[in-house]
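The block underneath contains the structure these notes are about, expressed in structure tokens.
When reading the values below, keep in mind they use all heavy atoms of this one structure, side chains included, and skip hydrogens, waters and symmetry mates.
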Amino acid sequence: MNMNDALEACKLPFPAPRLLHIDADDTTALILATLLVPEIQVTRAGSMLEADALLRQHEFALIVLDPDLPDGDGQVLIRELRERGVHTPVLLYSARQPSLHHQAHAFLPKPWTSPRQLWQATCRLLEIDLVAR
């Protein structure tokens, strides 16, 4: 098998959905991207300002959010998105328990969530049927 054949064999049978990971923690970002790529395209923002800019430029199928950001509470960003008519599903992935009035579709606790749980929750919210790793 030559290199071109190997690369072609690695291509997915469908376009990979786009996910925006909003988290200030570099280690968590690396773990999440390693877990999800190549089946899911992961873009990372480390602040509310960066996330807002990306959300104004691109459409994402899912947002994974740790609301504890250096420039504010990420849940405020989600509230602002909802007010603008953006209804992208949100997975809160945080060490902090969400309030009863949060705008997310799901919550997973950091750091106690297993990679399999994260993978399954992401696939469920993206409505894709992939074999769990």
Side-chain angles (χ1 to χ4, degrees):
M1 177 182 279
N2 67 32
M3 179 61 80
N4 288 334
D5 291 338
L7 290 172
E8 191 64 32
C10 291
K11 285 189 177 177
L12 297 173
F14 54 86
R18 294 180 55 132
L19 177 149
L20 178 60
H21 182 207
I22 307 170
D23 196 321
D25 182 54
D26 294 333
T27 302
T28 300
L30 179 62
I31 291 168
L32 186 119
T34 301
L35 177 66
L36 300 178
V37 171
E39 290 89 352
I40 299 167
Q41 294 179 32
V42 177
T43 301
R44 180 191 175 209
S47 69
M48 285 181 49
L49 186 63
E50 188 178 357
D52 188 51
L54 286 166
L55 287 160
R56 289 179 187 278
Q57 295 171 357
H58 306 285
E59 287 189 31
F60 294 92
L62 177 64
I63 297 168
V64 176
L65 169 69
D66 182 341
D68 296 322
L69 297 167
D71 56 348
D73 185 342
Q75 291 192 66
V76 171
L77 175 65
I78 300 307
R79 216 171 8 258
E80 290 171 359
L81 288 174
R82 300 298 184 243
E83 289 170 3
R84 290 196 321 237
V86 177
H87 297 286
T88 304
V90 175
L91 170 61
L92 283 180
Y93 184 46
S94 175
R96 175 172 51 129
Q97 286 282 9
S99 72
L100 292 176
H101 306 290
H102 69 83
Q103 301 265 339
H105 292 78
F107 168 73
L108 291 175
K110 245 194 220 184
W112 303 285
T113 298
S114 73
R116 171 171 267 186
Q117 289 171 310
L118 184 58
W119 173 253
Q120 289 172 338
T122 301
C123 288
R124 187 180 75 251
L125 290 167
L126 289 171
E127 298 178 349
I128 55 178
D129 184 23
L130 294 174
V131 177
R133 295 184 182 191

* With a 4.5 Å heavy-atom cut-off, do L62 and P17 have their side chains touching? -> no
Query raised in the report: Can you check whether A24's main-chain N or O pairs, donor with acceptor, with R44's side chain at less than 3.5 Å?
Result: yes
Scanning both residues in full, the closest heavy-atom pair of L126 with A61 reads CD2-CB, 3.4 Å
For G74 and L65, the nearest pair of non-hydrogen atoms, with its separation, is O-CD2, 3.7 Å
May I ask whether L49 and L81 are part of the same hydrophobic cluster, defined by side-chain heavy atoms of I, L, V, M, F, W, Y residues being less than 4.5 angstrom apart, directly or through others? no
Separation between NE2 (H21) and OG1 (T122), nearest 0.5 Å, reads 9.5 Å
Worksheet item: Does H105 reach the main-chain N or O of V90 with its side chain, forming a donor-acceptor pair under 3.5 Å?
Response: yes
Closest heavy-atom pair, T88 versus F60, reported as atoms and distance to 0.1 Å, is CG2-O, 3.3 Å
So CD1 of I78 and NE2 of H87: to nearest 0.5 Å the spacing works out to 12.0 Å
| said: A quick test of your reading: do over 12 heavy atoms of other residues, nucleotides or ligands sit less than 6.0 Å from CD of E127? | reply: no
L69 and S47 have their tightest heavy-atom pair at CD1-C, 4.3 Å
*Take L55 and I63 through the test side-chain contact (heavy atoms from CB on, under 4.5 Å) and record every step on the way to the result.*
CA-CA 10 Å; L55 287 160; I63 297 168; 3.9 Å; yes
Would you say the side chain of T113 lies within less than 4.5 Å of the side chain of F107, judging by non-hydrogen atoms?
no
Sorted by chain and residue number, the salt bridge (Lys or Arg N to Asp or Glu O under 4.0 Å) partners of D25 (sequence neighbours excluded) come out as none
For D71, the salt bridge (Lys or Arg N to Asp or Glu O under 4.0 Å) test, sequence neighbours excluded, returns none
For R56 and R84 the tightest heavy-atom approach is NH2-NH1, 2.8 Å
- Heavy-atom side-chain proximity of D66 to T28 below 4.5 angstrom: no
Rounded to the nearest 0.5 Å, the CG atom of L36 sits from the SG atom of C123 at a distance of 7.5 Å
Answer yes or no: is there a side-chain heavy-atom contact under 4.5 Å between L118 and L91? yes
Looking only at heavy atoms, the pair that brings W119 and E39 closest together is CH2-CB, 3.9 Å
- Query: Honestly curious: do I31 and L92 fall in one hydrophobic cluster under the side-chain, below-4.5 Å linking rule?
  - Reply: no
query = Under a 4.5 Å cut-off applied to non-hydrogen side-chain atoms, are D73 and R96 in contact?
reply = yes
Using a strict threshold of under 4.0 Å (side-chain N to carboxylate O), is an ion pair present between K110 and D23?
yes
- For the pair E50 (side chain) and G46 (backbone), establish whether a donor and an acceptor sit closer than 3.5 Å, ignoring hydrogens and angles. yes
Here the gap from L20 atom CG to H58 atom NE2, rounded to the nearest 0.5 Å, amounts to 9.5 Å
Mind checking whether L19 and L32 have side chains closer than 4.5 Å, heavy atoms only? yes
CG of L30 to CG of L35, rounded to nearest 0.5 Å, is 11.0 Å
